[in-house]
Amino acid sequence: MGTGWFEERAGLVGTVAVVTGGAGGLGAAVTRDLAANGVRVAVIDTDGEAVGKLSGPDLIAHHGDAREPDALGALFEAVDRRWGRLDTLVNVVGGTFRAPFTDTTPKGWDAILRTNLTHVLHACSLAVPRMRAGGRGGSIVNLTTVEAHRAAPGFAVYAAAKSAVEHFARTLAVELAPERIRVNNVAPDLTPTPNMRKFGVRHDPEGIRVAIPMGRVGEPADVSNCVVFLASGLSAYVTGTTLHPDGGTHASSGWFNWPETGWDNHAPAQLLGRLGSGTE
C-alpha cells in the first residue's frame, strides 16, 4: 500500500520536534499526535510522573523546567547528539493565577512573564540556528490563548504576556520567512485537561452553551490537530498567523447564545428580572 495523501503532503515522518511542557495536558496530546505521524519528539516537563510515563524508541524525555535556561539548553543539546537536526519547536509551557491587577506584585508579574513569555524567547533563540543549519526550513508553534485577543479581567499580566508572544511570533515570522522557517500560534479557549479536573474544575453545560458558540468545551485533540497541521507541509505557506480552536468564542466577541432569546450582546431583561427577584 502506497503513501497516503496526508502522509505525502505532511512530510512529517522522520522529522524532529522539541515540545516544551510536552508530558501532560495539552502538551501530551501534542507529543502523542506528532509521534503518531512519524515525528521524533524531545520533551521537557516539570511533571516528573508524566515524564516517566512517556516511552518510545524515537523519544527524548527530560524532567526539567523549560523556564530554566540550562535545562532548556540541555534538551536541545540532547537532540543534537541523538538526531542532529531540528524541524519543529512547539512551546506549550504556560500558566497563571486569577487576581485583580492591583492585588498583584512585581514578584507575581515576573513569575507570569517567565512562565508565559521569556522561555518562548529562549526556546526560539535555541531552535532557529539549528533550523537554519539544516537548510530545510522549519516550523515554530506557540500555544497562546483567546485571552491574548480580548480583555481578561483578573488575568491582566497573563493576557499581556500571551499578547506579547502573539506579536513576537508575527515579527519573527517576517524575519525568518526568507529561510522558510515559519512561526505561528494556536490560541485555544476553555480546554479542560486531566489536571484541571483533578483540582475540581467543573463547568455548567448550560453556561457553556451560552458562552461558546459551538456549545461545548474544547478537547486536547482540537488543539493538537492544529499543531500537527502547522508542523506539517500542509501549512508550508502559512506563517505569522494564529489558529483559534475555541468553538467560536474569539469570533463571537461578546455575543452570547442566551436560553429562550438566542444571540445578544447583553443579558436579556427577563433573565435579569429573574436574578433580581431571586428566582431561577
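Since the model is a prediction, treat every value here as computed from it, not as a measurement.
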Next item on the list: Decide, yes or no, whether a salt bridge links Arg130 with Glu77 under the criterion of side-chain N to carboxylate O below 4.0 Å.
Entry: no
Next item on the list: Measure the CZ-CZ distance between Arg209 and Arg216 for me, rounded to the nearest 0.5 Å.
Entry: 16.0 Å
Note to self: Check for me, please, whether Val128 and Val141 land in the same ILVMFWY cluster - side-chain distances under 4.5 Å, paths through other members count.
What the structure shows: no
Check: Under 3.5 Å, is there a donor-acceptor pair between the side chain of Asp222 and the main chain of Gly218?
Finding: no
Next item on the list: Please answer: with hydrophobic residues joined when any side-chain heavy atoms are less than 4.5 Å apart, are Val43 and Leu75 in the same cluster?
Entry: no
Margin query: I'd like to know if the side chain of Glu68 pairs up with that of His119 as donor and acceptor (distance under 3.5 Å, no hydrogens or angles considered).
Written below: no
Notebook entry, point to check: Measuring from Leu59:CG to Leu34:CG, what's the distance to the nearest 0.5 Å?
Noted result: 11.5 Å
Next item on the list: Determine whether the side chains of Glu219 and Thr191 contain a donor N or O and an acceptor N or O closer than 3.5 Å.
Entry: no
Item checked: Donor-acceptor pair, side chain of Thr15 and main chain of Val39, under 3.5 angstrom -> no
Check: Under a single-linkage definition using a 4.5 Å side-chain heavy-atom cutoff for Ile, Leu, Val, Met, Phe, Trp and Tyr, are Val93 and Val18 assigned to the same hydrophobic cluster?
Finding: no
Check: Between Asn142 and Thr144, is there a donor-acceptor pair closer than 3.5 Å when you use the side chain of the first and the backbone of the second?
Finding: no
Check: Is the shortest distance from a Lys or Arg side-chain nitrogen in Glu147 or Lys162 to a carboxylate oxygen in the other one below 4.0 Å?
Finding: no
Note to self: Name the residue from Arg40, Arg180, Arg136 that meets the salt bridge (Lys or Arg N to Asp or Glu O under 4.0 Å) definition with Asp87.
What the structure shows: Arg136
Check: Can you hop from Val238 to Val183 via hydrophobic side chains spaced under 4.5 Å?
Finding: no
Next item on the list: Evaluate side-chain hydrogen bond (donor to acceptor under 3.5 Å, both in side chains) for Arg67 paired with Thr115, printing each intermediate quantity in order.
Entry: CA-CA 7 Å; Arg67 297 171 297 181; Thr115 301; 3.0 Å; yes
Notebook entry, point to check: Looking only at atom types and distance, does a side-chain atom of Ser253 sit under 3.5 Å from a main-chain N or O of His250, one as donor and one as acceptor?
Noted result: yes
Note to self: Working to the nearest 0.5 angstrom, can you tell me the gap between Ser163 OG and Phe168 CZ?
What the structure shows: 15.0 Å
Checklist line | Near-ring test Tyr158/Trp109, centroid separation under 6.0 angstrom | finding: no
Next item on the list: For Arg182 and Leu230, indicate whether the former's side chain and the latter's backbone hold a donor-acceptor pair under 3.5 Å.
Entry: yes
Notebook entry, point to check: Ser125 side chain to His122 main-chain N or O, any donor-acceptor pair under 3.5 Å?
Noted result: yes
Check: So Leu143 and Val90, side-chain contact (heavy atoms from CB on, under 4.5 Å) or not? Walk me through it.
Finding: CA-CA 8 Å; Leu143 261 64; Val90 186; 4.2 Å; yes
Notebook entry, point to check: So, are Arg150 and Asp189 salt-bridged, with charged N and O less than 4.0 Å apart?
Noted result: yes
Next item on the list: Quick one: pull up CH2 in Trp255 and CG in Asn265 and give me the separation to the nearest 0.5 Å.
Entry: 4.5 Å
Notebook entry, point to check: Taking His63 for the side chain and Ile44 for the main chain, is one N or O donor matched with an acceptor at less than 3.5 Å?
Noted result: no
Notebook entry, point to check: Rounded to the nearest 0.5 Å, how far apart are CZ of Arg132 and CG of Leu86?
Noted result: 13.0 Å
Check: Taking Val165 as the fixed residue, which of Asn116, Thr145, Asn185 is the one that meets the side chain to side chain contact (heavy atoms under 4.5 Å, CB included) rule?
Finding: Asn185
Checklist line | Co-membership, hydrophobic cluster, residues Leu12 and Trp83, 4.5 Å side-chain | finding: no
Check: Out of curiosity, Cys124 SG to Asn91 CG, how far, rounded to the nearest 0.5 Å?
Finding: 5.5 Å
